[in-house]
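These notes are about the structure you will find just below.
Residue numbers run from 1 in the order of the sequence given. FYI, side chains are in, hydrogens and waters are out, and symmetry mates aren't considered; it's all heavy atoms of this structure.
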Amino acid sequence: MNCEVCQLKELEVEHIEVREVLRCILHTILFHRALGLVRPKDVDLELFDITYVQCGDVEHEKKINEKIDHFIDRVEKHPNKKNQICLSFYEVKNKQATWFTNKVERHYWEQWYINLNTVQHPKTHSGKSHHSKVVVDPGETASEERNARRTALESSLREVLFQIIKFVNEKKDHVPPIPNLDGVSFPYEITISSSSDSAFGMDMLKRMLQTGHPTMLS
């Protein structure tokens with residue numbers, strides 16, 4: 001089965017922005033891959049002038065929050081590194097049972113790579129210029145820089161949301177038949193890696209899929 005892959009635009013975020021950005025992106029993807037009837041829930045971001053839609057499913061919410069907690073924990077332990085979250089949709093196939101096992105295999109049909117570069121911006125220090133007696137307020141300068149950076153991030157986040165919508169509208173042939181399962185979504189998993197991991201990057205992940213060893217992705 002063909003597995004479609006979408007690499008979302010890399011976003012540079014500060015620690016305080018990680019949770020909102022990830023919740024926005026993950027819920028947007030899941031909403032667009034929702035099955036049947038859902039109870040759409042509009043959510044306004046606190047840090048950005050953006051509204052996104054959730055499926056209104058408690059299990060989705062719990063699973064996403066747990067993964068984001070793991071991601072933030074990784075960021076705290078390894079600051080100033082690029083990190084990646086992969087949201088993978090799959091089908092479950094039961095392979096022929098043996099005496100020892102009833103093997104279940106996951107066939108991945110779509111993967112979304114969310115790329116975040118988590119940074120810590122140093123506080124701006126300023127003093128008197130050699131050519132001027134004007135003293136710049138360091139607090140004011142830092143605030144202006146942060147506002148400009150956050151405005152740029154908001155614009156980039158909007159681009160990512162449009163990228164998701166464009167991909168969903170254009171890529172449809174690979175979506176499998178709707179499974180007879182409870183819940184509002186196709187089966188999915190969320191995995192985390194960072195630039196320090198040997199598994200980071202598309203080449204290694206593609207090799208994992210080719211070996212048919214889904215446990216390496218869980």
Where do Glu59 and Lys63 land on the salt bridge (Lys or Arg N to Asp or Glu O under 4.0 Å) test, with the steps shown first? CA-CA 6 Å; Glu59 290 304 314; Lys63 188 172 183 177; over 6 Å; no

Taking C-beta and beyond as the side chain, do Lys41 and His27 meet within less than 4.5 Å on heavy atoms? no

For Glu17, which residues count as a side chain to side chain donor-acceptor pair (under 3.5 Å) partner, sequence neighbours excluded? Arg149, Arg150

How many angstroms lie between CD1 in Ile85 and OH in Tyr113, if you round to the nearest 0.5 Å? 12.5 Å

Correct closest heavy-atom pair for Tyr108 and Ser88 would be CD2-CB, 3.6 Å

Single-linkage hydrophobic cluster Val18~Val43, side-chain heavy atoms < 4.5 angstrom: yes

Got a second to check how far Phe71's CZ is from Ile114's CD1, nearest 0.5 Å? 9.0 Å

Residue pair Cys55 / His60: nearest heavy atoms and the distance that separates them: CB-CD2, 4.0 Å

Given side chains that start at C-beta, do those of Glu14 and Val21 come closer than 4.5 Å, heavy atoms only? no

Can you check whether Trp112 reaches Ile25 side chain to side chain, under 4.5 Å on heavy atoms? no

My understanding is that only one of Gln111, Glu110, His107, Arg106 makes a side chain to side chain contact (heavy atoms under 4.5 Å, CB included) with Phe89; could you say which? Glu110

What heavy-atom pair brings Glu189 and Tyr90 nearest, and what distance separates the two atoms? N-CE2, 4.0 Å

Approximate separation, where rounding is to 0.5 Å, of Ile72 CD1 and Ile192 CD1: 9.5 Å

Do Glu61 and Gln54 have side-chain heavy atoms sitting under 4.5 Å apart? yes

Let me confirm one number: the OH-CG distance from Tyr188 to Leu26, rounded to the nearest 0.5 Å. 8.5 Å

Give me the atom names and distance for the closest heavy-atom approach of Glu91 to Trp109. N-CD1, 3.8 Å

Heavy-atom donor-acceptor pair, Glu159 side chain to Lys9 backbone, under 3.5 Å: no

Is a side-chain N or O of Asn115 found less than 3.5 angstrom from the main chain of Leu8, in a donor-acceptor match? yes

Does CG in Asp173 sit with more than 12 non-hydrogen atoms of other residues, nucleotides or ligands closer than 6.0 Å? no

With side-chain hydrogen bond (donor to acceptor under 3.5 Å, both in side chains) as the criterion, how do Asn65 and Arg19 come out once you've worked through the C-alpha distance, each side chain's angles and the decisive distance to 0.1 Å? CA-CA 9 Å; Asn65 286 339; Arg19 186 175 298 277; 4.8 Å; no

Reported CZ-to-CG distance for the pair Phe48 and Leu157, which is rounded to 0.5 angstrom: 6.5 Å

Using side-chain heavy atoms (C-beta onward) and a distance below 4.5 Å, is Phe186 in contact with Val175? yes

Check: His174 main-chain N/O paired with Glu4 side-chain donor or acceptor under 3.5 Å: no

When rounded to the nearest 0.5 angstrom, what is the spacing between CD1 in Ile64 and CG in Asp69? 12.0 Å

Is there a side-chain contact (heavy atoms from CB on, under 4.5 Å) between Phe167 and His32 once you walk through the steps? CA-CA 10 Å; Phe167 183 92; His32 284 285; over 6 Å; no

Tell me, do Leu116 and Val75 make a side-chain contact under 4.5 Å, heavy atoms counted? no

Would you indicate whether the side-chain heavy atoms of Leu30 and Asp57 approach each other to under 4.5 Å? no

Please check: side-chain N/O of Glu154 versus main-chain N/O of Ile50, any donor-acceptor pairing under 3.5 Å? no

Heavy-atom side-chain contact between Thr191 and Lys67 under 4.5 Å: no

